[in-house]
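What you see below is based on every heavy atom in this structure, not just the backbone, and it leaves out hydrogens, waters and symmetry mates.
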Amino acid sequence: MSGNLLASETSPYLLQHKDNPVHWRPWGAEALDEAKRTNKPLLVSVGYAACHWCHVMAHESFEDPETADLMNELFVSVKVDREERPDIDAWLQTAITLTNEGGGWPLNVFLTPEGEPFWAGTYFPKNDNFGRPAFKSVLREIATRYRENPDSIKPNTQRIQQIMDRAWSQNRSGKIDPLMLEQLSIATAQRFDIFFGGIQGAPKFPSLPSLKLLWRAYLRTGTPQFLQIVMTSLDAMSRGGIYDHVGGGFARYAVDERWIVPHFEKMLSDNAQFIDMLTLAWQASRTPMFRSHVEDTVAWLLREMRVDGAGFATSLDADTEGEEGKYYTWTEAELDTALQGTMIPRFKQVYGVSTEGNFHGRNVLHRYIPVPNLSQADENLFATQRKKLLAVRETREKPFRDDKVLADWNGMMIAALSFAGPVMQHPEWTDAAEKAFAYVCEKLGDGDRLFHTYRAGKRQHAGFSDDYANMALAALMLFEATQNRSYLERAIAWTRVLDEDYWNIAQGGYAFSPNRNEPVEIKIRTALDTQTPAANGLMLEVLARLYYLTGEQAYGDRITALANAFSGDVNGAYLQMATFLNGIEFCANAVQVVIIGPNTDTRTHDLINAVLGRSIPNRLLTIIAPDAILPATHPAHGKAMQNGQPTAYICRGNICSSPVTSAVTLSQALQMPNTNQGAVQAAIAPRRGR
């Protein structure tokens, strides 16, 4: 069999490689069968459509006839879209870390024809460079070793397989210590950059689950150091070039510690997390920049990322016309031309514009350096100028859009819009969330089961645990926003599928993949966050919400089993387990607010707005009509309106507050607690001075 076989695929990333002279195959049994028949090792190359260094390696090597001839002669070459097949990516990323290489993309892994990884690397240059060997040299060396001394690779394959088997079957259970959240929040805070925000070092990733962990710690304890770290991080990212000041939305990460120069790709998943985190912070701080960035990011989402007017695309490329960031950056002359007739010097001062630029002779706009004495009139003018720049930018060649629809990433955005829409009083955001939810159900749903990806009229790959967890949480957030019970029923159904098909009976926890009809069994069971929150962390919140809403003890039992399954990992891997820890806190400290009143009564909505005005990550809001009945197990069962007025009850555990009929009183009652300050301050303060 010869030739490139990617033309019939739907993944935009795979289609980017369909004209390569490399005889690429998609991952599947056919590729492994060919490797066995020809006794050639597999070369599995993993990347994604918005990846800059994936493009570089493609141009240098995969489009090069000489390199392609070598690959075709010595290997069966397989292309994988890591967003389409996150299970394969997670499996092979584990393999590369076990061969003493750092992970990342592009990822190039060599496997035996039986599908056993034995050597891996990331980007390889066409010629010796960057301290790395030329890709052609690597190909020859690996092929020679496999052909002439196959026994030499067995120690690698055995070691990798043993570690993966151990990770799958290992007992990671432990008990939840009540002090664990305090201790691990402090440990996380000590890893953050107190000057520029984010976890210390460069490149810098937003680390939004960890920021949410610290935000929760502040709300729980009132300790100002937690607040300072979160606000410093969000402020620096919001002012930096990682945020697109012209068009809205955040880039994936920054290459510097001050967040000024981004890696320009925009991912749906990152922006969902930013919308969520900035909304939480805005509820408490009322920082105008946080609100405007959420609004502009949602505007970008609805303008540039919609698929069929309902679902959401995966990403926008970092490159345009072969240049990283060309679409987003400006020369000083381009700005002068675009902003004619406005206060150009003031704009350039505020947005850090210079003749020499800050990125390859061009300017990444940022507001990192504060400019004093800015008035609201100034801000209004800047908004007008940014609109002018956006109009000019719209005439440029746009970055490539990966328009496949992923169930998990759409679930993340649906949940974020369902939360932010009511809080910021944008009902059109909730409407967009409902349309996206219906789209995912239509295109990716099959009864109670989900597929992972949809594009070009074709849905593919049985859903992963991330798909079910994110879509279940999206359904629960929509239920809270709309009180439409069909969303609750959908969350129940998807959770049932996870419990029946993905639960690891021996050790607990949900498996990443059901491994249906796969040529190689991929065994992954983890609570570690990657670029997105881990399903086993998210499911703690999903199960807790279902437990509180339905009163069914089975959900409570599953929470205990899930929490215990991974608690033994947290001390050693807490920076990667922020979602898990946030889920633990939700389970332990959920704040149920029940509002009883007619939907037509403005006083009911006053009570609702009082709740929405407080930053309460553990909030579970239920709004019921006066004649509705809560489950018998609910702590507010039997509660009613007082004196004919809409009434709220705040329930923690099995205890509910006295009835509250005043929106002002309700808001005051929901203020953050102010406990444990002294102990936490003492733990953080010494590290801050080092």
Side-chain angles (χ1 to χ4, degrees), residues 1 5-6 9 11 13-14 22-48 71 74-99 101 103 105-122 142-143 146 150 153-170 451-453 460-467 501-502 504 506-507 509-526 528 530 535:
M1 186 182 297
L5 303 183
L6 298 184
E9 295 298 307
S11 157
Y13 177 65
L14 298 188
V22 178
H23 294 171
W24 292 118
R25 278 90 180 85
W27 174 263
E30 293 82 0
L32 273 79
D33 289 343
E34 183 180 351
K36 292 172 185 175
R37 179 177 56 79
T38 59
N39 193 30
K40 293 180 181 178
L42 291 149
L43 166 56
V44 179
S45 181
V46 185
Y48 58 102
M71 293 172 66
L74 301 176
F75 300 93
V76 173
S77 298
V78 175
K79 251 300 168 202
V80 172
D81 179 344
R82 69 104 169 174
E83 295 161 350
E84 186 179 65
R85 295 303 306 265
D87 55 333
I88 296 173
D89 179 57
W91 167 48
L92 297 181
Q93 291 290 350
T94 302
I96 193 172
T97 59
L98 298 178
T99 57
E101 285 271 352
W105 301 276
L107 173 65
N108 294 287
V109 184
F110 297 89
L111 296 81
T112 68
E114 289 71 36
E116 304 164 317
F118 63 88
W119 199 83
T122 52
I142 294 294
Y146 176 83
I153 68 171
K154 287 184 180 178
N156 272 10
T157 60
Q158 292 171 352
R159 176 172 170 268
I160 292 170
Q161 190 60 50
Q162 287 169 358
I163 292 176
M164 288 183 168
D165 287 344
R166 192 181 309 130
W168 170 258
S169 59
Q170 179 182 4
F451 284 81
H452 174 62
T453 181
Q460 295 189 88
H461 312 302
F464 304 107
S465 57
D466 285 14
D467 297 310
D501 292 356
Y502 294 72
N504 184 293
Q507 301 296 348
Y510 295 101
F512 192 87
S513 169
N515 279 306
R516 297 193 190 99
N517 304 316
E518 287 297 321
V520 176
E521 185 178 22
I522 299 172
K523 298 189 294 186
I524 300 171
R525 180 180 64 93
T526 182
L528 302 182
T530 54

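Note: Y13 and Y48 fail the aromatic proximity criterion, with ring centroids not under 6.0 Å apart.
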key: Criterion side-chain contact (heavy atoms from CB on, under 4.5 Å) on E521 and W91, from CA distance to verdict   = CA-CA 10 Å; E521 185 178 22; W91 167 48; over 6 Å; no
request  = Please step through side-chain contact (heavy atoms from CB on, under 4.5 Å) for the pair D89 and L107, ending with a clear verdict.
outcome  = CA-CA 8 Å; D89 179 57; L107 173 65; 4.1 Å; yes
side-chain contact (heavy atoms from CB on, under 4.5 Å) between V80 and V44, worked out = CA-CA 7 Å; V80 172; V44 179; 3.8 Å; yes
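Listed here is the closest heavy atom pair of D466 and A535: OD1-CB, 3.1 Å. Considering every non-hydrogen atom in both H452 and P86, the closest pair reads NE2-CD, 3.6 Å. L92 and P117 make their closest contact through CD2-CG, 4.1 Å (heavy atoms, listed as atom of the first residue, atom of the second, distance). For the pair A31 and V76, the tightest heavy-atom approach, listed with the atom from each and the gap, is O-CG1, 3.8 Å. Between V109 and A120, the shortest heavy-atom distance links the atoms CG2-CB, 3.8 Å. What you find for S77 and M71 is that their closest heavy atoms are OG-CE, 3.6 Å.
Residues meeting the side-chain hydrogen bond (donor to acceptor under 3.5 Å, both in side chains) test with K36, sequence neighbours left out: none.
The distance from atom CZ of R37 to atom CD of E30, rounded to the nearest 0.5 Å, is 12.0 Å. In this structure, the separation between CZ on F464 and CD1 on I524 is 9.0 Å, given to the nearest 0.5 Å. For the atom pair CD of E9 and CZ of R25, the computed distance is 12.0 Å after rounding to the nearest 0.5 Å. Here NZ of K154 is found 10.5 Å from OG1 of T112. Values are rounded to the nearest 0.5 Å. A distance of 9.0 Å separates OG1 of T157 from CD of Q162, quoted to the nearest 0.5 Å. In this structure, NE2 in H461 is found 8.5 Å from CG in D81, a value given to the nearest 0.5 Å.
Considering only heavy atoms from C-beta on, I153 stays 4.5 Å or farther from W119 through its side chain. Looking at S513 and I522, their side chains never come closer than 4.5 Å, going by heavy atoms from C-beta outward. Using a 4.5 Å heavy-atom cutoff, the side chains of D165 and K523 are in contact. Taking 4.5 Å as the limit, some side-chain heavy atom of M164 sits within range of a side-chain heavy atom of T94. Residues T526 and F512 fail the side-chain proximity criterion, which asks for heavy atoms closer than 4.5 Å. Taking the side chain as every heavy atom from C-beta outward, T122 and I96 approach each other to under 4.5 Å. Residues K79 and S11 have side chains not in contact (no heavy-atom distance under 4.5 Å, counting atoms from C-beta outward). Two residues are said to be in side-chain contact when any heavy atoms from C-beta on lie closer than 4.5 Å; E84 and L14 meet this criterion.
S465 contributes a side-chain N or O that, together with a main-chain N or O of A511, makes up a donor-acceptor pair within less than 3.5 Å. Between the Q460 side chain and the T453 main chain, no donor and acceptor come within less than 3.5 Å of each other.
Between R85 and E518, at least one side-chain nitrogen of the basic residue sits less than 4.0 Å from a carboxylate oxygen of the acidic one, meeting the salt-bridge criterion.
Using modelled atom types, one finds a donor on one side chain and an acceptor on the other under 3.5 Å when comparing Y146 with N39.
F110 and F75 have tilted rings, their planes meeting at an angle from 30° to 60° on a 0 to 90° scale.
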